[in-house]
Amino acid sequence: MSAADQVEVEVHPDAATLATSVAGEVVRRIEDAQARGEVPQVGLTGGSIAVRIHAEIGRIGPESEVDWSQVVFWWGDERYVDRDSDDRNARSARSGFLDALGVDPARVHEAPALDSGLSLDDAAAAYGQEVREHGAGAFEVLMLGVGPDGHVASLFPGHPALAVDDAVAVGVPDSPKPPPGRITLTFPALRRSRAVFFVVSGEEKAEAVARALAPDGTVEETPARGVVDPGADSPTQAIWFLDRPAASLL
Ligand SMILES: O=C(O)[C@H](O)[C@@H](O)[C@H](O)[C@H](O)COP(=O)(O)O
């Protein structure tokens, strides 16, 4: 399926053990990067399993070796709603672990919010500019949830944003998953990752997972492939972290 050196699939009995496993692996990648003297960039995602993962990072983070002030955080996508809206992906990460672990606020890069007054396209351009200026190198680890239709970030099957290869981030005004307005990193930006973790829980995702891992799947049908399929800068590693219901058609 992928130009990634290795695509792995890890199946866990349920969402809770899945979240614990992903959180542990994210923390380990950050520890290893810091042990190499790096300031790792971490890409976060929205979605229900992400909420569980954030809580687990908050639980294990204090006992880890991570210097949380030396980690840079981004989002693969964000909803274009007011900054204090419960719909913001950043809200879940902040309440789950960012606020508790002593991260450096200057290293937490939220996408602009609707109350910035910017148009959606200008907000996306501003986020892309911020990634270009501060997102040195690649994501050490990028988490991506997967929708029942196979979308990742806010890159939806058949959407024109899938074809954008000359911008780091774009506005999506017509997301089929509410809320409609979103900012999303594009495939070239998402590909710049050492490791991509697709984090997927629930029976309703089983078809999308099976399509994404099928040898003949296409990017149009399952955008996850656009992150790891052959092409420049494909991630070195892609791991599908699934619970048993999400893996039920493999
Ligand atoms: O902003 C968003 O909605 C997310 O980034 C989106 O890409 C999400 O990760 C998937 O839709 C899975 O979400 P669930 O895990 O809630 O199904």
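Both ligands and their constituent atoms are indexed starting at 1 by order of listing.
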Verify, without hydrogens or angle tests, whether D14 (side chain) and D243 (backbone) share a donor-acceptor contact under 3.5 angstrom.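 Here the side-chain-to-backbone pair does not exist.
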When you measure from the side chain of R52 to the backbone of T17, do you find a donor-acceptor pair of N or O atoms at a distance under 3.5 Å? no
Quick check on E38: does its CD atom have over 12 non-hydrogen neighbours (other residues, nucleotides or ligands) under 6.0 Å away?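 Atom CD in E38 is crowded, with more than 12 foreign heavy atoms closer than 6.0 Å.
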Quick check: are there more than 12 heavy atoms from other residues, nucleotides or ligands sitting under 6.0 Å from CD of E65? no
In ligand 1, which numbered atoms sit nearer than 4.0 Å to a non-hydrogen atom of [X]?
X	answer
A153	6 (C), 7 (O)
D77	1 (O), 2 (C), 4 (C), 5 (O)
N89	1 (O), 2 (C), 5 (O)
G47	13 (O), 14 (P), 15 (O), 16 (O)
T45	5 (O), 9 (O)
R79	1 (O), 2 (C), 3 (O)

Establish, from distance only, whether the side-chain atoms of Y80 and S116 form a donor-acceptor pair under 3.5 Å.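 There is such a pair between these side chains.
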R28 and E31 ion-paired at < 4.0 Å: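 E31 and R28: not salt-bridged.
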Between D115 and R83, does at least one N-O distance fall below 4.0 Å, as a salt bridge requires? no
For [atom], what is the closest protein heavy atom, and at what distance to 0.1 Å?
atom	value
atom 16 (O) of ligand 1	S48 N, 2.8 Å
atom 10 (C) of ligand 1	H151 NE2, 3.4 Å
atom 17 (O) of ligand 1	K205 NZ, 2.6 Å
atom 13 (O) of ligand 1	K177 NZ, 3.3 Å
atom 12 (C) of ligand 1	V146 O, 3.6 Å
atom 9 (O) of ligand 1	G46 O, 2.8 Å

Which atom of W75 lies closest to which atom of A93, heavy atoms considered: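 Result for this residue pair: CZ2-CB, 3.7 Å.
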Would you name the heavy atoms of P148 and K205 that are closest together and state the gap between them?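 That closest heavy-atom pairing would be N-CD, 3.6 Å.
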Touching ligand 1 at all, E78? Heavy atoms, strictly under 4.0 Å?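 Not so, E78 does not reach ligand 1.
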